[in-house]
Amino acid sequence: IANGTERYVIQKRPIPIELLSVYLPDTSLNGTKRSNTLMLPYLSPSTSPIMQGRSSTDLGPYKDMTSVPNTKLNQYPIAFQHLGRNSTTHFTLYATSPATRKPWLEKIRLQQEEKNKKSPIFEIVPVVSQYEFVDTNKINHFITFNSGQQYLLAADDGVYVGHHNYKYADTTPHKVLALEKVTQLFAIESTETLLVLADKTLWEYPLDVVNGKPETQPAGRLVQTHVPFFFVGNCLKRTVLCVPKIFTLKSVISTYEAVRSIDTLVAASPVNAKRSSGFIDRLLTMRSLTLPSDELHLKKIKDCYVPCEAYAVELSTSMMLITSSRGMIMVDMRTDKPQRK
């Protein structure tokens, strides 16, 4: 009650400091200039590589912030955003000078750093020592396997394996495959298969090559040449490998199913072959029993054709999603027909 008048003040819950994004809106009239954003401390480039960090969903640096017309002279805006599901609402306050606005940014940054040190979500642990890989031998890709206990590095001169258990002194990665220009790796642990993309050629290796040395490794099995990238995901309750071959006016995406060798042998056993009525089917079954186990980890499903250049491939429960020069193309994995662009 103020001066005999009853007033009600409606307030929202305070914004958690971890989910608070602060930025300086653009005050230009055209609104084309990107605003300055206060990034959270765990995204700051000056953050030490050994400090403990927190993942962020800060949308400030990546979205075009709404410009604030400079209708109020001698007032300097500062905007606040609550990151999360409803992150489209911005609150703008005005300071009388840049000197009075600057402490807001500094105080919030210090509070975020202090909160981050007390309760980090992720702990950043360096796995590769400084100067171990130089400019002449760059790391192009990094993956983990064995429940995150081990990692693989795709470098310009081969594939390296290392351990994540940083409590022990010997965590230096060592080379296991001598291949040139390795750009992508993937470990399919269910079938104990390692996929290696080296010099635009996709190779398949047994996963146990991580325990050997380059001079004692078996020859890899060639999957496909002229491969810019590949993708492995789950579709139709199967582990599916997508390998594109891109041309000027079209792209051919070959799909393979990752299967276990023993499952393939059981499916092709003479007991099941008795169900086939043709003599040729029995011959094909007996041939599959004589194939080396390394050749039975990938079973080709089909080829998908799209009339444009493919940039990226994703998989859903029943669809293949292709990012192309014509937009997004959805292909039903049960057919070859593009569903929608």
Side-chain angles (χ1 to χ4, degrees), residues 55-59 61-63 83-88 121-122 140-148 151-152 154 182-197 200-205 207 221 223-261 263-264 267 296-341:
S55 66
S56 174
T57 55
D58 192 352
L59 304 179
Y62 308 104
K63 65 190 299 184
L83 301 178
R85 294 180 179 178
N86 300 321
S87 59
T88 58
I121 296 178
F122 295 104
N140 303 312
H141 196 208
F142 178 96
I143 65 170
T144 60
F145 68 103
N146 191 17
S147 300
Y151 63 88
L152 289 170
V182 183
T183 56
Q184 190 176 355
L185 300 168
F186 195 91
I188 307 177
E189 299 188 54
S190 60
T191 60
E192 298 182 355
T193 304
L194 176 63
L195 300 175
V196 181
L197 181 59
K200 295 186 177 181
T201 302
L202 183 58
W203 299 92
E204 174 193 354
Y205 289 89
L207 190 55
R221 173 177 175 260
V223 179
Q224 187 171 309
T225 58
H226 303 286
V227 179
F229 63 91
F230 66 90
F231 179 80
V232 179
N234 294 320
C235 185
L236 300 177
K237 298 182 179 180
R238 297 183 293 182
T239 301
V240 178
L241 165 66
C242 302
V243 185
K245 181 175 286 188
I246 300 174
F247 302 93
T248 304
L249 299 177
K250 69 174 183 178
S251 298
V252 181
I253 302 175
S254 301
T255 57
Y256 301 83
E257 179 185 3
V259 295
R260 297 179 181 177
S261 301
D263 294 340
T264 306
L296 297 174
H297 284 165
L298 293 176
K299 182 176 67 175
K300 190 167 185 178
I301 302 175
K302 64 180 178 180
D303 291 332
C304 298
Y305 301 87
V306 290
C308 52
E309 184 178 356
Y311 299 148
V313 179
E314 291 279 348
L315 290 172
S316 66
T317 55
S318 62
M319 293 284 184
M320 178 188 296
L321 310 176
I322 305 171
T323 304
S324 68
S325 56
R326 296 188 178 183
M328 179 68 70
I329 298 178
M330 302 177 64
V331 178
D332 193 337
M333 287 298 291
R334 293 165 293 191
T335 65
D336 265 342
K337 183 179 179 181
Q339 298 284 307
R340 188 180 66 187
K341 289 190 284 185

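Position 1 is the first residue of the sequence; numbering continues from there.
- Once rounded to the nearest 0.5 Å, the distance linking CD of Glu257 with CG of Leu298 reads 10.0 Å.
- At distances below 3.5 Å, at least one donor-acceptor pair connects side-chain atoms of Glu189 with backbone N or O atoms of Asn146.
- Taking the side chain as every heavy atom from C-beta outward, Glu204 and Leu195 approach each other to under 4.5 Å.
- The line from NZ of Lys245 to CG of Leu202 is 11.5 Å long, rounded to the nearest 0.5 Å.
- Under a 3.5 Å cut-off, the side chain of His141 and the backbone N or O of Ala154 do not form any donor-acceptor pair.
- How far OH of Tyr256 is from CD1 of Ile188: 12.5 Å, rounded to the nearest 0.5 Å.
- Within the 4.5 Å cutoff, the side chain of Val227 has no heavy atoms near those of the Gln184 side chain.
- Minimum heavy-atom separation, Phe145 to Ala187: CB-CB, 4.1 Å.
- One distance of note links CG of Asp303 with OG of Ser251; it measures 12.0 Å at 0.5 Å rounding.
- Using a 4.5 Å heavy-atom threshold, the side chains of Val252 and Phe247 count as touching.
- Note that OG of Ser316 is 11.0 Å distant from CG of Asn234, once rounded to the nearest 0.5 Å.
- Side-chain contact between Thr239 and Thr191 is absent, with no heavy-atom pair separated by less than 4.5 Å.
- Within 6.0 Å of atom CD in Gln224, more than 12 heavy atoms from other residues, nucleotides or ligands are found, so the atom counts as buried in its surroundings.
- At least one side-chain heavy atom of Leu152 sits under 4.5 Å from a side-chain heavy atom of Leu194.
- For the side-chain contact (heavy atoms from CB on, under 4.5 Å) criterion with Val196, the lone passing option out of Thr201, Val182, Val223 is Val182.
- Separating the CZ atom in Phe229 from the OG1 atom in Thr183 is a distance of 11.5 Å, to the nearest 0.5 Å.
- The aromatic rings of Tyr151 and Phe142 lie parallel to each other, with less than 30° between the two planes, well short of the 60° mark.
- Side chain of Thr255 to main chain of Lys302: a donor-acceptor pair is present (N/O by atom type, distance under 3.5 Å, no hydrogens or angles).
- Side-chain contact between Cys235 and Met320 is absent, with no heavy atoms from C-beta onward closer than 4.5 Å.
- Within the 4.5 Å cutoff, side-chain heavy atoms of Leu315 are placed close to those of Cys242.
- Proximity of Arg326 to Pro307: side-chain heavy atoms (C-beta onward) are separated by under 4.5 Å at one or more points.
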